[in-house]
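Note that the structure is predicted; figures quoted are calculated from it, not measured. In listed order, ligands and their atoms are each counted from 1.
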Amino acid sequence: MIQLKSVREIDRMAEGGAILAAARDLLEQSVRPGISTIELDRIAEDFIRSKPGAKPSFKGLYGFPGSICTSINNEIVHGIPSKKRVLRDGDIVSIDIGVLFEGYHTDSATTVGVGEIPEQSARLLDATRRALEAGVAAARAGNHIGDIGAAVQGVVEAAGFSVVKDLVGHGIGESFHEEPQVPNFGKPQRGTRLVPGLTIAIEPMVNAGRADTRTMPDKWTIVTVDGSRSAHFEHTVAITENGPRVLTASAQPRP
Ligand code: MG
Ligand code: MG
């Protein structure tokens, strides 16, 4: 069942989303060669818990051990922060963050280059970011879930990359994962109709090579089958009468 939110509930989600965005900005600035992913996890957890009423959504969610997910290079999502995973020059790292604030979750991800990254990786990050923007722009009342997927897929495939089909975005609110599913592929005017009050996580996961995925023996980390790199960008978005409202936007967007 889809849980539509009132304007008041959406405002509360935006407060949590602002905390999340500040944590995400802090982590982007913290990424550098030599830092481990467990250090990023601690920075995120300390920051989020320093805000009254806020805590990391992921800690313990389905038994996940971290406060954030950190997925390096060929890892698509759900990488577990570890002191053994040290970022190196040329890596890309996807950082996925959830914040629970006063009863409501928000969810956002970014992919960051570590030092100097290969040209193809830079194009992958750029295409995935643009795919998210296109998906958000399609998140308008009167459109359908398929319009979001079609917009994301169009940008990704025009850039020569593949959308991951095994993993999807989702409704979000009092539960972290709510209906409906939000695939990163689809056809315009298909699927659930978008109405004001719907809050969804739009999250393109894009592989430089083939779309196929597999799960590592740790039962969490999902990687590309062909070893190609993967990027992930995500925002929590509310459908409103006045168009899409990004609830996890940075206070001061960086150029
Ligand atoms: Mg996420
Ligand atoms: Mg999500």
Any residue meeting side chain to side chain contact (heavy atoms under 4.5 Å, CB included) with A22, in chain and number order, not counting sequence neighbours: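 Checked A22 against side chain to side chain contact (heavy atoms under 4.5 Å, CB included); matches are F47.
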I72 backbone acceptor or donor facing E75 side chain under 3.5 Å: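 Yes; at least one donor-acceptor contact below 3.5 Å.
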Exam field: side chain S67 to backbone E45, donor-acceptor pair closer than 3.5 Å: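 No: the side chain of S67 does not pair with the backbone of E45.
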Metal site the Mg ion (ligand 2): N/O/S of H170 inside 2.8 Å: yes
Residues which pass ring-ring contact (aromatic ring centres under 6.0 Å, His included) with H170, listed by chain and number, not counting sequence neighbours: F176, H177
From E234 atom CD to S108 atom OG, the distance as rounded to the nearest 0.5 Å: 6.0 Å
Connected-component partners of M1 among ILVMFWY, side-chain separation under 4.5 Å: none
Under 2.8 Å from the Mg ion (ligand 1), the protein N, O or S atoms, given as residue and atom: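 The answer, once waters are left aside, is D96 OD1, D96 OD2, D107 OD1, E234 OE1.
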